[in-house]
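The block underneath contains the structure these notes are about, expressed in structure tokens.
Both backbone and side-chain heavy atoms feed into the values below; hydrogens, waters and symmetry mates do not.
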Amino acid sequence: MSIERDLEGWTIAFDLDGTLVDSAPDLIGTLNRMLAQYELPPVPMSSARHLVGHGAMALLRHGFMEAGAAWDEAHAPGLFERFIEDYLTHIADESRPFDGCVAALDRLSARGATLCVATNKRTDLSVALIEALEMTRHFAFIAGPDVVSARKPSGAHIHEAVRKAGGDTARCIMVGDSTTDTKAAKDAGVPCIAVRFGYNDVPHHELGGDVMIDHYDGFEEALAAVMGG
């Protein structure tokens with residue numbers, strides 16, 4: 001079998017924020033614009049980066065609490081909608097694919113793999129970000145939490161994303177940057193490649209996953225390892 005087709009029949013599911021794309025600058029930028037509206041100090045990138053994979057509400061709550069402001073759950077829905085409106089306007093101002101990511105995706109597609117996205121970012125936002133970064137061609141399906149029966153860390157999210165992409169759940173691999181991803185992979189019973197450069201929510205040695213990479217240049221080697229050679 002030639003190397004160009006040696007991944008035929010395999011599906012690789014990727015997390016989005018912190019795995020494919022460094023989206024923290026624009027998410028935290030939106031947070032800080034909202035804080036400024038309340039005359040609250042901005043949140044440093046370093047203190048909020050690890051929260052990016054946990055959703056807009058977690059970012060909002062963190063920002064207000066770090067600024068010493070009272071957090072009122074009754075106002076949370078309105079804040080969330082304003083956050084989303086602002087974020088959509090600035091979704092790809094500074095967000096970029098991680099170094100080597102696009103080249104790796106091209107190589108995987110050339111070798112016959114089906115690629116999809118399994119993210120806890122709302123599907124419309126995920127699609128908007130991927131389209132803005134001209135990455136849409138790579139993915140057979142983009143599955144946010146609103147189009148699956150259960151979100152990560154449930155393995156159902158991975159299985160349903162793979163099936164919607166036309167793949168076989170018995171021949172799939174998950175790629176992610178957080179325990180949400182590694183736990184979902186374990187629940188789904190699939191191998192997991194973890195990336196060290198994302199928004200890891202625990203120390204690297206606690207992240208889990210079958211193999212870890214520091215850069216997409218090492219992706220194929222990691223892929224061979226989880227596939228057994």
Side-chain angles (χ1 to χ4, degrees), residues 14-72 75-76 78-102 104 117 119-122 124-135 144-145 152-153 175-182 193-209 212-218:
F14 291 84
D15 174 52
L16 179 54
D17 298 296
T19 299
L20 291 169
V21 177
D22 185 4
S23 54
D26 291 322
L27 285 160
I28 296 173
T30 286
L31 170 63
N32 286 334
R33 282 188 291 274
M34 294 200 65
L35 292 173
Q37 293 174 12
Y38 290 87
E39 300 183 347
L40 296 171
V43 172
M45 182 79 67
S46 59
S47 75
R49 190 178 176 88
H50 70 286
L51 290 172
V52 166
H54 295 273
M57 196 64 78
L59 273 176
L60 282 166
R61 189 179 295 109
H62 172 83
F64 276 78
M65 293 177 68
E66 183 166 285
W71 175 257
D72 186 348
H75 294 154
L79 285 172
F80 178 80
E81 290 306 317
R82 285 162 52 199
F83 182 100
I84 297 302
E85 182 178 355
D86 181 276
Y87 178 56
L88 273 169
T89 303
H90 298 277
I91 199 164
D93 285 0
E94 298 181 62
S95 296
R96 297 293 182 270
F98 283 103
D99 190 32
C101 172
V102 171
V117 175
T119 174
N120 279 344
K121 193 188 200 80
R122 218 168 68 184
D124 60 332
L125 300 177
S126 300
V127 170
L129 176 58
I130 289 170
E131 286 182 347
L133 296 176
E134 300 182 347
M135 296 173 69
K152 296 180 299 183
V175 185
D177 68 310
S178 72
T179 54
T180 301
D181 302 309
T182 57
I193 297 173
V195 304
R196 288 191 177 95
F197 46 76
Y199 311 138
N200 313 120
D201 51 352
V202 297
H204 292 151
H205 68 276
E206 298 177 10
L207 188 58
M212 296 197 75
I213 60 172
D214 297 303
H215 190 281
Y216 271 103
D217 285 352

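Taking NE2 of His90 as the start and CD of Glu85 as the end, the distance is 10.0 Å to the nearest 0.5 Å. In this structure, CE in Met212 is found 4.5 Å from CZ in Arg196, a value given to the nearest 0.5 Å. Rounding to the nearest 0.5 angstrom, the gap separating the CD1 atom in Ile193 from the CZ atom in Phe14 is 7.5 Å. Separating the CG atom in Leu125 from the CD1 atom in Ile91 is a distance of 5.5 Å, to the nearest 0.5 Å.
Leu133 is not listed as a side-chain neighbour of Val102, based on a closest heavy-atom distance of 4.5 Å or more. Looking at Phe197 and Asp214, their side chains never come closer than 4.5 Å, going by heavy atoms from C-beta outward. With a 4.5 Å cut-off on side-chain heavy atoms, Leu59 and Phe83 count as touching.
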What verdict does the side chain to side chain contact (heavy atoms under 4.5 Å, CB included) test give for Leu79 and Trp71, after you've listed the backbone C-alpha separation in whole Å, the side-chain angles of each residue and the deciding distance to 0.1 Å?
CA-CA 11 Å; Leu79 285 172; Trp71 175 257; 3.8 Å; yes
I would like to know whether Asp99 and Tyr216 meet side chain to side chain contact (heavy atoms under 4.5 Å, CB included); could you show each step before the answer?
CA-CA 7 Å; Asp99 190 32; Tyr216 271 103; over 6 Å; no
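Residues satisfying the salt bridge (charged side-chain N to carboxylate O under 4.0 Å, His left out) test with Asp217, not counting sequence neighbours, are none. Residues satisfying the side-chain contact (heavy atoms from CB on, under 4.5 Å) criterion with Glu206, sequence neighbours excluded, are Val202, Pro203. Looking at residues two or more places apart in sequence or on another chain, you find no salt bridge (charged side-chain N to carboxylate O under 4.0 Å, His left out) involving Arg82. With sequence neighbours excluded, the residues forming a salt bridge (charged side-chain N to carboxylate O under 4.0 Å, His left out) with Arg122 are Asp124, listed by chain and number. Shown here are the side-chain contact (heavy atoms from CB on, under 4.5 Å) partners of His75, two or more places apart in sequence or in another chain: Asp72.
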Run the side-chain donor-acceptor check on residues 18-30: report pairs under 3.5 Å with partners two or more places apart or on a different chain.
{"from": "Thr19", "atom 1": "OG1", "to": "Asp15", "atom 2": "OD2", "distance (Å)": "3.0"}
{"from": "Thr19", "atom 1": "OG1", "to": "Asp177", "atom 2": "N", "distance (Å)": "3.3"}
{"from": "Thr19", "atom 1": "OG1", "to": "Asp177", "atom 2": "OD1", "distance (Å)": "3.2"}
{"from": "Asp22", "atom 1": "OD1", "to": "Arg49", "atom 2": "NH2", "distance (Å)": "3.4"}
{"from": "Asp22", "atom 1": "OD1", "to": "Tyr199", "atom 2": "OH", "distance (Å)": "2.7"}
{"from": "Ser23", "atom 1": "OG", "to": "Asp17", "atom 2": "OD1", "distance (Å)": "2.4"}
{"from": "Asp26", "atom 1": "OD1", "to": "Glu94", "atom 2": "N", "distance (Å)": "3.0"}
{"from": "Asp26", "atom 1": "OD2", "to": "Asp93", "atom 2": "N", "distance (Å)": "3.2"}
{"from": "Asp26", "atom 1": "OD2", "to": "Glu94", "atom 2": "N", "distance (Å)": "3.0"}
{"from": "Asp26", "atom 1": "OD2", "to": "Ser95", "atom 2": "N", "distance (Å)": "2.8"}
{"from": "Asp26", "atom 1": "OD2", "to": "Ser95", "atom 2": "OG", "distance (Å)": "2.7"}
{"from": "Thr30", "atom 1": "OG1", "to": "Asp26", "atom 2": "O", "distance (Å)": "3.4"}
{"from": "Thr30", "atom 1": "OG1", "to": "Arg33", "atom 2": "NH2", "distance (Å)": "3.2"}
{"from": "Thr30", "atom 1": "OG1", "to": "Asp86", "atom 2": "OD1", "distance (Å)": "2.7"}

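Nearest heavy atom pair, residue Phe80 against residue Ala56, reads CE1-CB, 3.7 Å. Between Thr182 and Ala194, the shortest heavy-atom contact is CG2-CB, 4.5 Å. Across all their heavy atoms, Pro97 and Met135 have their closest contact at CG-SD, 3.6 Å. Thr119 and Ser126 get closest at one heavy-atom pair: CG2-OG, 3.3 Å. Residues Leu207 and Val195 approach most closely at CD2-O, 4.2 Å, considering heavy atoms.
In terms of modelled atom types and a separation under 3.5 Å, the side chain of Thr180 and the main chain of Lys152 share no donor-acceptor contact.
Few gaps surround CD on Gln37; more than 12 heavy atoms of other groups in view lie less than 6.0 Å from it. Within a 6.0 Å sphere centred on CE of Met65, heavy atoms belonging to other residues, nucleotides or ligands number 12 at most.
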